[in-house]
Amino acid sequence: MYLEKIHSPEELRRLPPEELPAVAAEIRELILATVSENGGHLASNLGAVELILALHYCFDTPRDRLLFDVGHQAYTHKILTGRREFFRSLRRCGGCAGFPASWESAEYDVGASGHAGTAISTALGISAANALAKSSARAVAVVGDGSLNCGISLEGLNNARRDGSNLVVVLNDNKMSISENVGGLAYYLNRLVIGPRYNRLKTAAKRMLMTLPRHETIHRFIRRLEDVIKSLILPGVVFEELGFRYIGPINGHSLPDLLRTFRQVREFEGPVLVHVVTEKGHGCEFAVRSPERYHGVSGFDRATGELRGGKKMTFSRAFGDAMLELASRYDDLVAITAAMASGTGLEPFSRAYPRRFYDAGIAEEHAVTFAAGLAAAGLRPVCAIYSTFLQRALDCIYHDVVLPQLPVIFAIDRAGAVEDGPTHHGIYDLGFLRAMPGLVILAPRCEAELLPMLEYARSLASPVAIRYPRGGTQEAPECPVAPLETGHAEILREGSGPVLWAMGPECRTALDAAALLEQEHALDCTVVNARFLAPFDRELARKLAPGRLVVSIEDHVVIGGLGSALDEAIAGLPCAGRLTFGWPAGKPVPHGAVADLRRAAKLTARDIASQVAEFVLHV
């Protein structure tokens with residue numbers, strides 16, 4: 001077992017190159033074993049094993065800083081940097097994070113690499129700092145081709161000519177982000193497969209020119225000739241025009257090719273871009289066949305590849321079904337996503353209505369403003385984005401949609417805590433969305449409420465946001481849905497005791513807590529489904545509050561969401577007290593199974609009932 005002897009990249013570099021394929025095989029086996037049990041990102045990591053192994057072998061990490069964009073391809077990096085055994089606790093509470101995390105290893109991890117577009121700019125900053133310090137240390141950014149079309153990535157590339165003297169960008173090209181890549185840049189990368197012809201020709205030409213006399217006229221002619229050859233053989237030469245020395249494409253699973261290339265790159269001056277072609281899921285037949293299906297998994301059977309979880313109803317699936325239903329009735333309905341067709345449930349819509357479906361790639365800002373353009377032209381766009389990624393488009397929501405009051409519908413998936421941890425929790429969105437003037441915000445308590453909420457949103461001539469969590473609820477499919485009326489909450493249970501306000505699926509938590517309070521403490525609670533976070537049902541809140549304990553329960557931080565809306569509504573009223581249940585705002589919520597996180601934060605129905613009873617019976 002080679003891995004048992006490798007506790008750092010320095011120990012890896014002591015091995016002879018011919019032993020590295022055996023190390024790669026052991027790493028791939030450890031990834032498969034761990035992800036099959038714990039869940040995680042499978043296909044992307046299997047495709048990057050040899051690439052990351054070669055980078056640590058050739059560069060002087062951690063003196064040379066290695067960054068990842070997106071960090072879901074960094075499992076090999078974790079295994080090689082002293083975290084082999086810790087890696088077995090992947091995504092468990094208190095265990096190994098699913099992304100690079102500086103709080104886990106400040107020596108090897110820079111920041112928290114959970115979102116696309118950050119690696120090049122961060123590496124460029126490190127490169128510029130190294131230049132000021134007169135250090136020869138390199139900053140190496142490993143960038144997936146799907147994240148290269150992200151606006152931040154392009155901004156970083158644009159500034160590299162001046163500040164990237166020790167910058168290396170490794171383009172990990174597997175022709176996928178999560179879904180298949182889209183757009184002009186993806187098309188350009190696919191054409192670059194002829195790149196080796198250019199590099200071989202360039203090398204041969206340099207050898208020939210060494211024999212010519214050194215004369216300025218000759219060299220001017222040679223430079224012009226090189227530009228002509230590049231324009232003929234290498235389409236666009238985008239990277240070289242940005243100031244990068246382009247190398248590639250390189251076979252990302254050939255360790256000899258990778259080692260030879262990276263050893264040469266270490267000696268180059270100025271920014272370098274190494275184009276590496278990999279296969280997502282490499283080494284695992286079922287992951288190669290279905291890389292999108294095995295992008296992020298909750299676990300699987302090692303022998304068959306069968307995924308855990310089956311095909312139970314989820315909010316994402318309910319959203320996809322609702323979109324198909326509405327599209328069949330309204331010709332002006334269109335859908336937009338940012339590289340998340342499968343994750344948001346829009347894949348069936350994309351097949352049924354390909355001309356009414358738009359994938360913006362990993363470019364949330366563009367997706368939002370593009371949706372604004374569609375709405376301005378008379379269509380009814382539904383923009384489906386994960387809560388954590390919608391944060392990136394904050395200004396676009398306000399400036400391009402809310403200010404002109406365009407009827408864009410935001411379907412905010414993964415709103416709430418998720419297993420992946422602080423980079424992916426969707427628990428901050430209401431803090432900025434509730435401040436948007438004229439933005440209607442709804443939260444369905446069960447999957448059955450999604451269709452009527454989408455239909456209601458389409459009936460308005462103003463922007464609407466509908467937020468819902470990952471996964472599904474325990475509610476019956478026939479969960480009764482009351483008619484929607486702007487700004488009106490729904491009373492699910494009436495009682496004379498504490499008033500429990502809840503948002504979205506937390507209504508189930510509130511109802512369960514109310515049942516426990518009645519059974520164990522004879523407290524008869526009222527339970528309210530908020531439904532609208534903006535405009536909030538201020539009138540009902542003020543009617544129910546006097547003389548009673550008022551409780552809020554939400555899958556959001558305790559600042560800026562339901563609890564804040566309730567406090568604003570009942571300010572100055574003589575209620576018997578206030579209890580707020582939500583995620584703590586003072587520090588990031590860690591990763592782990594959501595059920596475990598909820599128990600740790602005392603957000604279960606039992607915990608809530610106990611605290612409510614203690615307050616009422618001891619005040």
Side-chain angles (χ1 to χ4, degrees), residues 34-41 88-99 101 114 296-300 307-318 343 386-388 412-429 443-447 467-476 479 500 502-517 520 527 551-558 561-563 579-585 587-612:
T34 302
V35 176
S36 68
E37 288 295 321
N38 299 9
H41 291 93
R88 299 182 191 277
S89 64
L90 179 70
R91 303 213 309 170
R92 293 178 179 167
C93 285
C96 184
F99 300 86
V297 298
S298 57
F300 60 92
L307 297 176
R308 290 186 199 150
K311 294 187 176 181
K312 62 183 181 181
M313 178 55 69
T314 64
F315 276 98
S316 300
R317 182 170 296 176
Y386 291 4
S387 171
T388 184
I412 308 174
D413 203 325
R414 272 62 166 179
V418 294
E419 285 187 348
D420 283 327
T423 58
H424 282 63
H425 289 316
I427 58 176
Y428 303 102
D429 50 9
R445 72 180 177 95
C446 61
E447 294 88 339
R467 72 183 305 272
Y468 46 89
R470 183 179 187 180
T473 68
Q474 301 300 315
E475 301 285 359
C479 169
L500 278 56
M503 175 179 71
E506 296 311 302
C507 290
R508 180 72 269 161
T509 307
L511 288 167
D512 291 345
L516 289 169
L517 287 164
E520 299 176 4
V527 175
V551 178
S552 57
I553 306 170
E554 59 189 312
D555 194 359
H556 190 272
V557 289
V558 293
L562 173 62
L579 288 176
T580 301
F581 294 95
W583 299 104
K587 59 181 180 180
V589 177
H591 64 272
V594 174
D596 293 337
L597 296 175
R598 292 178 69 88
R599 281 190 288 270
K602 297 189 180 304
L603 294 178
T604 67
R606 170 63 65 183
D607 291 320
I608 292 169
S610 297
Q611 292 177 68
V612 169

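These figures come from a predicted structure and were not determined experimentally.
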Mind checking what makes salt bridge (Lys or Arg N to Asp or Glu O under 4.0 Å) contact with Asp413, not counting sequence neighbours?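 For Asp413 there are no salt bridge (Lys or Arg N to Asp or Glu O under 4.0 Å) partners, ignoring immediate neighbours.
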Heavy-atom pair of closest approach, residues [X] and [Y]:
| X | Y | result |
| --- | --- | --- |
| Leu500 | Ala513 | CD2-CB, 4.3 Å |
| Thr580 | Gly563 | CG2-CA, 4.4 Å |
| Val594 | Ala417 | CG2-O, 3.5 Å |
| Pro588 | Tyr428 | CA-OH, 4.4 Å |
| Gly416 | Ile427 | C-CG2, 3.6 Å |
| Val589 | Leu597 | CG1-CD1, 4.4 Å |

Within the distance-only criterion (no hydrogens, no angle test), does the side chain of Arg91 pair as donor or acceptor with the backbone N or O of Gly98 below 3.5 angstrom?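 No, because the side chain of Arg91 does not come within donor-acceptor range (under 3.5 Å) of the backbone of Gly98.
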Without swapping roles, check the side chain of Ser89 against the backbone of Cys96 for a donor-acceptor pair under 3.5 Å.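 Side chain of Ser89 to backbone of Cys96: a pair is present.
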Full working for side-chain contact (heavy atoms from CB on, under 4.5 Å) between Trp583 and His425: CA-CA 10 Å; Trp583 299 104; His425 289 316; over 6 Å; no
So [Y] and [X], do their side chains get closer than 4.5 Å, heavy atoms only?
| X | Y | result |
| --- | --- | --- |
| Leu90 | Val35 | yes |
| Arg470 | Thr314 | no |
| Leu307 | Ser298 | no |
| Glu506 | Leu562 | no |
| Asp429 | His556 | yes |

About how many Å separate [atom2] of [Y] and [atom1] of [X], when rounded to the nearest 0.5 Å?
| X | Y | atom1 | atom2 | value |
| --- | --- | --- | --- | --- |
| Asp420 | Arg414 | CG | CZ | 9.5 Å |
| Glu447 | Ser316 | CD | OG | 10.0 Å |
| Leu516 | Asp607 | CG | CG | 10.5 Å |
| Cys93 | Glu419 | SG | CD | 9.0 Å |
| Thr509 | Ile608 | OG1 | CD1 | 6.0 Å |
| Arg467 | Phe315 | CZ | CZ | 11.0 Å |

Could you pull out all residues at least two apart from Arg599 that satisfy side-chain contact (heavy atoms from CB on, under 4.5 Å)?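 Only Ala595, Asp596, Thr604 meet the side-chain contact (heavy atoms from CB on, under 4.5 Å) criterion with Arg599.
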Is there a ring-ring contact (aromatic ring centres under 6.0 Å, His included) between Phe99 and His591? Walk through the geometry before answering. CA-CA 10 Å; Phe99 300 86; His591 64 272; 9.5 Å; no
In terms of side-chain geometry, is the basic nitrogen of Arg92 or Glu37 positioned less than 4.0 Å from the acidic oxygen of its partner?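 Result for this pair is no, no salt bridge flagged.
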Taking the six-membered ring for Trp, is the centroid-to-centroid distance between Tyr386 and His424 below 6.0 Å?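 For Tyr386 and His424, the ring centres are not under 6.0 Å apart.
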